[in-house]
Amino acid sequence: PGPAGCPRTEPLSGSSPEPLFRGADRYDFAVVVPGGAVECFWQFSHQGGNFFFSYEVQRATGIGNSRNILVTASDPNGFQLGISQDVRGQINFLTKDTGFYELCLDNQQNHFGFLQVYLNFGVYYDDFNMEQKQPVEKKELNDTLEAIKISIQRLQMHTFHMWRFYNFARMRKGADSFLLESNYNYVNWWSMAQSCVIVLSGVLQLYFLKSLFHAQTSGSQKC
């Protein structure tokens, strides 16, 4: 499947029967990738945008519990722009073409278990404004309003990057939470299994010790 089979997040032409819809420029969610499968997503970007993509494997199941996953990013022409194969990573680049950029998660190494991956990706622009440029002959704002506008844009950009770092913390916290839960279950099950082995060993020892002694029910006692 390609971008043609996915819902477009960019406004369509007026001649198209499909309704106009503009998607968000950033997303953060968790996805489960089955063993031996590949999951792909497409994000629209205009030329000159700053594309960011970060991920973290929160938990893994199956033999070996390998948390490594292969992540790739490609441009609208299919050219690979970045690759990462680790538990967590980032892929950042400047978009040179307008179109849908492909992000793929490859879980081919883990054939017998799934991976839960937290994703945070999107596009931001230096001017933080996606509207069409107004004509050159528009009326210029005065210096005070222009300074306020620049300050607000700068504040928006700083807030956006704070949101990105907050999502990094969320990814790490989620992974640590699943790891603690997994270790807790692992310790409980091993403790239960060892307790059963200890009790069973005691019962077997008593049985074999008892079999070494033969009680006589009649006649005189003999050593």
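Basis for what follows: all heavy atoms, side chains included, without hydrogens, waters or symmetry-related copies.
Nearest heavy atoms, G49 versus L94: O-CD1, 3.2 Å. Listed here is the closest heavy atom pair of G89 and S84: CA-OG, 4.1 Å.
The distance from atom CG of L115 to atom CG of L105, rounded to the nearest 0.5 Å, is 9.5 Å. Atom SG of C104 sits about 10.5 Å away from atom CD1 of I69, to the nearest 0.5 Å.
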Run L81 and I91 through side-chain contact (heavy atoms from CB on, under 4.5 Å) and show every step you take.
CA-CA 9 Å; L81 299 175; I91 299 177; 5.8 Å; no

Criterion side-chain contact (heavy atoms from CB on, under 4.5 Å) on N50 and V123, from CA distance to verdict:
CA-CA 5 Å; N50 296 286; V123 184; 5.8 Å; no

Please walk me through it: do F53 and F41 pass ring-ring contact (aromatic ring centres under 6.0 Å, His included)?
CA-CA 11 Å; F53 176 48; F41 304 90; 8.6 Å; no

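Hydrophobic cluster of L204: the remaining members, joined at side-chain heavy-atom separations below 4.5 Å, are L200, Y207, F208, listed by chain and number.
Checked against side chain to side chain contact (heavy atoms under 4.5 Å, CB included), D106 has the following partners two or more places apart in sequence or in another chain: V38, L70, Q108. In this structure, Y118 has no ring-ring contact (aromatic ring centres under 6.0 Å, His included) partners at least two apart in sequence or on a different chain. In this structure F51 satisfies the ring-ring contact (aromatic ring centres under 6.0 Å, His included) test together with F93, Y101, sequence neighbours excluded. For S74, the side chain to side chain contact (heavy atoms under 4.5 Å, CB included) criterion is met by Q80, E102, not counting sequence neighbours. Residues satisfying the side chain to side chain donor-acceptor pair (under 3.5 Å) criterion with T95, sequence neighbours excluded, are S45. Contacts of Y55 classified as ring-ring contact (aromatic ring centres under 6.0 Å, His included), with partners at least two apart in sequence or in another chain: none. When the side chain to side chain contact (heavy atoms under 4.5 Å, CB included) test is applied to L209, the partners found at least two apart in sequence or on another chain are L212. For Q109, the side chain to side chain contact (heavy atoms under 4.5 Å, CB included) partners at least two apart in sequence or on another chain are N68, Q85.
Note: Y124 and F52 have tilted aromatic rings, judged against thresholds of 30 and 60 degrees for the angle between ring planes.
Sorted pairs that involve residues 71-81 and meet salt bridge (Lys or Arg N to Asp or Glu O under 4.0 Å), not counting sequence neighbours, are lacking altogether. Residue pairs meeting the salt bridge (Lys or Arg N to Asp or Glu O under 4.0 Å) criterion with at least one member in residues 43-61, sequence neighbours excluded, are E56-R88, E56-R172.
Between F112 and T61, the closest side-chain pair of non-hydrogen atoms is not below 4.5 Å. Contact check for V117 versus V71: no side-chain heavy atoms found under the 4.5 Å cut-off.
Residues F29 and V33 share a hydrophobic cluster, clusters being chains of Ile/Leu/Val/Met/Phe/Trp/Tyr side chains in contact below 4.5 Å. If you chain together hydrophobic residues whose side chains sit under 4.5 Å apart, V87 and L103 fall into the same group.
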Throw together a table of side-chain donor-acceptor distances under 3.5 angstrom for residues 190-199, partners on residues two or more places apart or in other chains.
| unit_1 | atom_1 | unit_2 | atom_2 | d |
| --- | --- | --- | --- | --- |
| W190 | NE1 | Y186 | OH | 3.2 |
| S191 | OG | V187 | O | 2.7 |
| S195 | OG | S191 | O | 2.8 |

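Checked by atom type and distance alone, the side chain of S54 never pairs as donor or acceptor with a backbone atom of Q90 at under 3.5 Å. In terms of modelled atom types and a separation under 3.5 Å, the side chain of Y27 and the main chain of Q43 share no donor-acceptor contact.
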